[in-house]
Amino acid sequence: MDIEREIARLNPRQKEAVLHTEGPLLILAGAGSGKTRVITMRAAYLLHRGAAAQSVLAVTFTNKAAREMRGRVSMMVRGKGNGGPIISTFHSLCLNILRREIEHLGYRKDFTIYDTGEQISLLRNILSDIRFHDKTFKIESVLERISRSKNDYVSAAAAASPEDDKIEEVTERLSPKYHEALRTLNALDFDDLLLFTLRLFREHPAVLQRYRDRFRYLMVDEYQDTNRVQYDFIRMLAGERKNLCVVGDDDQSIYGWRGAHIGNILDFEKDFPGTAVIRLEQNYRSTGHILQAANAVIKNNGKRMEKTLWTAGKPGPRVCIFRAADAEEEARWVADRISMIRFDGNLRWEDFSVIYRANLFSKPFEEALRKLRIPYCVVGGTSYFENREIKDLAAYLKIIANPRDDLSLLRAANVPKRGLGATALGRLSKFAQTQSIPLLEAFARAEEISELGAKTAESAEEFSRMIGRYQAVFQKRRVMGDSFKALVEEIRYRDYIRELYKTPEAAMRKIENLDAFISSLAGYAVEEAAPTLQGFLETLALSDLMEEKEEKTGSGVTLISFHSAKGLEFPVVFICGVEEDILPHKKSSATADGVEEERRLFYVGITRAMKELYITYAGHRTKYGKQSGVNPSRFLDEIPGEVLQRLNHETPDADDEERFARKSLAHIKAILGE
DNA sequence: GTTAGTTCTGTTTTT
DNA sequence: CAGAACTAAC
């Protein structure tokens, strides 16, 4: 691919962004403005200009974005013999750095990464350890606080209510114990990956300097989603050179609730004096009316960088608003519309999407679509990783990889049952604690624990012997798949699953999952240049496996939340449940910032649509079993009347008639043509 | 150690 | 209303 010719085809703003290579650069990339194209081309251009591939670092949030970018860059630099630039997520980049450097911080190199589920069970263990039996709070909210404070530095905002006070108090008690526990377990949570790297950079300037010398060109995608820790990390890495290019759209910042700091993008110019700001406002995705609606809505936000999307294309049909009596009618109407439009627009089911505020709203749509035999897929819900069989077996692998990972040992020890119940495990843990040894060692020395019965002790010892054996077996890295298979056989896990799930179908699904898991390890062991069990567990923890699954489900009409829809596009979009207390959500409408983020959510939804946009709401909605009247969202009033078309059952609109006329014409032509 | 019955509580999600 | 999480009784 000839990069110069490619660049010549860009619009002026895009070209400017690609050619600006030195010094801080802020690319404000409006929705659908060809952002990915620009940053991949910019990366390729840097190499083309002679930068070493390994000196260009692009950071993304998701594996999917990283993979996509990698693919597109490699198309452009293929045959240059240079290898590609480093394209990585924040988390895997930090993980790679820590694997090399964590000993500077006094940790062992074979640390384990804990996911949310493991964080929660760790907190549960701590609670029962300190005999804290108050259950007037949710453990998840404590975890949220902990995570928030690790993303934000501040220990959560001022407590707003008594429950908040309570959670704050509990968090303060638990947090130090939680971190202590992680340390003895030789484990890091997701937030730690970033935080530790930052600490490493702060405390070891020589190490930081090495990375600064190496990464001479930095790019950050979705910059509006970065939190404060990520900001500091990037800033440190950029150093004095400040060859930092950030790409994002403040109007699409929708993750404030989990620590994303919109100030990062708003204040970028201030933080990096001499920043060049480039606005990409030409939109290649949506028709004019849709963009007008989007612009008009987002204009109502106070804190933003002024942008106006425009298109060289057609205005297209107007945005339709439909008021349904209730949720069921809303869903039926949407399903009807879909089947009708698909027919005359010659579209595929994949071209449609239904977007809503919360996943629980998918239900009525699923039903209505099923009734019309329209295929659909729901994005979101439980992930592959949450599955019991995967978690169980991963616990075995984890204890084999990291002998100090007591938490995984606790999970694996009695699954399938081997006579090591809560009492026995409690005694083993106590012993480990008093002797200050890892739990696995306590298992090996179970004989010494007088409170344990002979049978129980033998069972524990046998378990530790088995883990020891597999530690050796897994050293043969190329055949780890076989080792894993042998392990699953030895513990008779399949039988356990068959017994646990009474219906053969459910058991079958689980077994399939399990087999897929085994073959993914086998595949990893063969494909990876230097496979290790640890390495496999990392790819698992930093996700990748479940994404393969997601892509498979992508057939039929897509039912999806606003948040998950970001970055996607569909020819026809239905935005549903656009009512007060849903959008803006009740819990966000208390503060001005909250409402603004909700408005951005709506904006994200609107800008997903390429050709046709429908917005629906209901007059009544059944909430928690109770029927109640609801009001349309305040955001609807922000869409100018001239781009709107209000629909109801009785009066089909002008566009409808036009559609009907087109359809008839096409029909006649077809007949004449035959 | 399991299972049936009961209470409770309802956004958004990536790594 | 429905699903999760917890409790009490086998």
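Residue numbers begin at 1 in each chain, while the letters A, B, ... track the order of the sequences. All values below were derived from every heavy atom in this structure, side-chain atoms included, with hydrogens, water molecules and symmetry-related copies excluded.
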Expected output: side-chain A:Gln627 to main-chain A:His620 donor-acceptor under 3.5 Å: no

Spacing of A:Asp189 atom CG relative to B:dT14 atom C1', expressed in whole Å: 14 Å

A:Phe574 and A:Tyr614 aromatic ring geometry - parallel, tilted or perpendicular at 30°/60° bounds: parallel

Between C1' of B:dT15 and CZ of A:Phe233, the distance in whole Å: 14 Å

Euclidean distance for P, B:dT12 against C:dG3 (whole angstrom): 15 Å

A:Asp192 side-chain N/O to A:Asp189 backbone N/O, donor-acceptor pair under 3.5 Å: yes

Is_stacked (A:Trp257, B:dT12) at 5.5 Å, 30 deg: yes

Interatomic distance where CZ belongs to A:Phe111 and P belongs to B:dT15 [whole Å]: 18 Å

From B:dT15, B:dT13, C:dC1, nucleotide with atom closest to A:Phe190 side chain: B:dT15

Given B:dT15, B:dT11, B:dG1, the nucleotide with the shortest approach to the side chain of A:Ser588: B:dT11

N/O (side chain, A:Asn227) to phosphate O (OP1/OP2, B:dT14) under 4.0 Å: no

A:Lys417 side-chain proximity, nearest of B:dT15, B:dT2, B:dT13: B:dT2

N or O in side chain of A:Ser561 less than 4.0 angstrom from B:dT13 OP1/OP2: yes

Pairwise 5' ranking along DNA chain B for A:Leu360 and A:Phe61, keeping only the more 5' one: A:Leu360

Protein-nucleotide distance (A:Glu367, atom CD; C:dC1, atom P), rounded to Å: 15 Å

Listed nucleotide nearest any side-chain atom of A:Asn63, set B:dT15, B:dT12, B:dT11: B:dT15

Test side chain to side chain contact (heavy atoms under 4.5 Å, CB included) applied to A:Arg100 - qualifying residues, sequence neighbours left out: A:Asn96, A:Tyr211

Selected nucleotide, minimal atom distance to A:His585 side chain, candidates B:dT15, B:dT12, B:dT11: B:dT11

Proximal nucleotide (of B:dT15, B:dG1, B:dT11) relative to the A:Lys587 side chain: B:dT11

Whichever of A:Asn414 and A:Ser92 has its nearest DNA chain B nucleotide further upstream toward 5': A:Asn414

A:Ser564, nearest nucleotide to its side chain (from B:dT15, B:dT12, B:dT13): B:dT13

Side-chain donor or acceptor of A:Arg99 paired with backbone N/O of A:Lys109 under 3.5 Å: yes

For A:Ala618, all residues meeting side chain to side chain contact (heavy atoms under 4.5 Å, CB included), sequence neighbours excluded: A:Glu579, A:Arg621

Rounded distance in Å - CZ (A:Arg258) to P (B:dT12): 13 Å

Whole-Å gap separating C1' (B:dT13) and CD (A:Glu222): 14 Å

Atom-to-atom span, CG of A:Asp593 to C1' of B:dT12 - whole angstrom: 17 Å

Distance in angstrom units between A:Phe196 CZ and B:dT15 C1', rounded: 16 Å

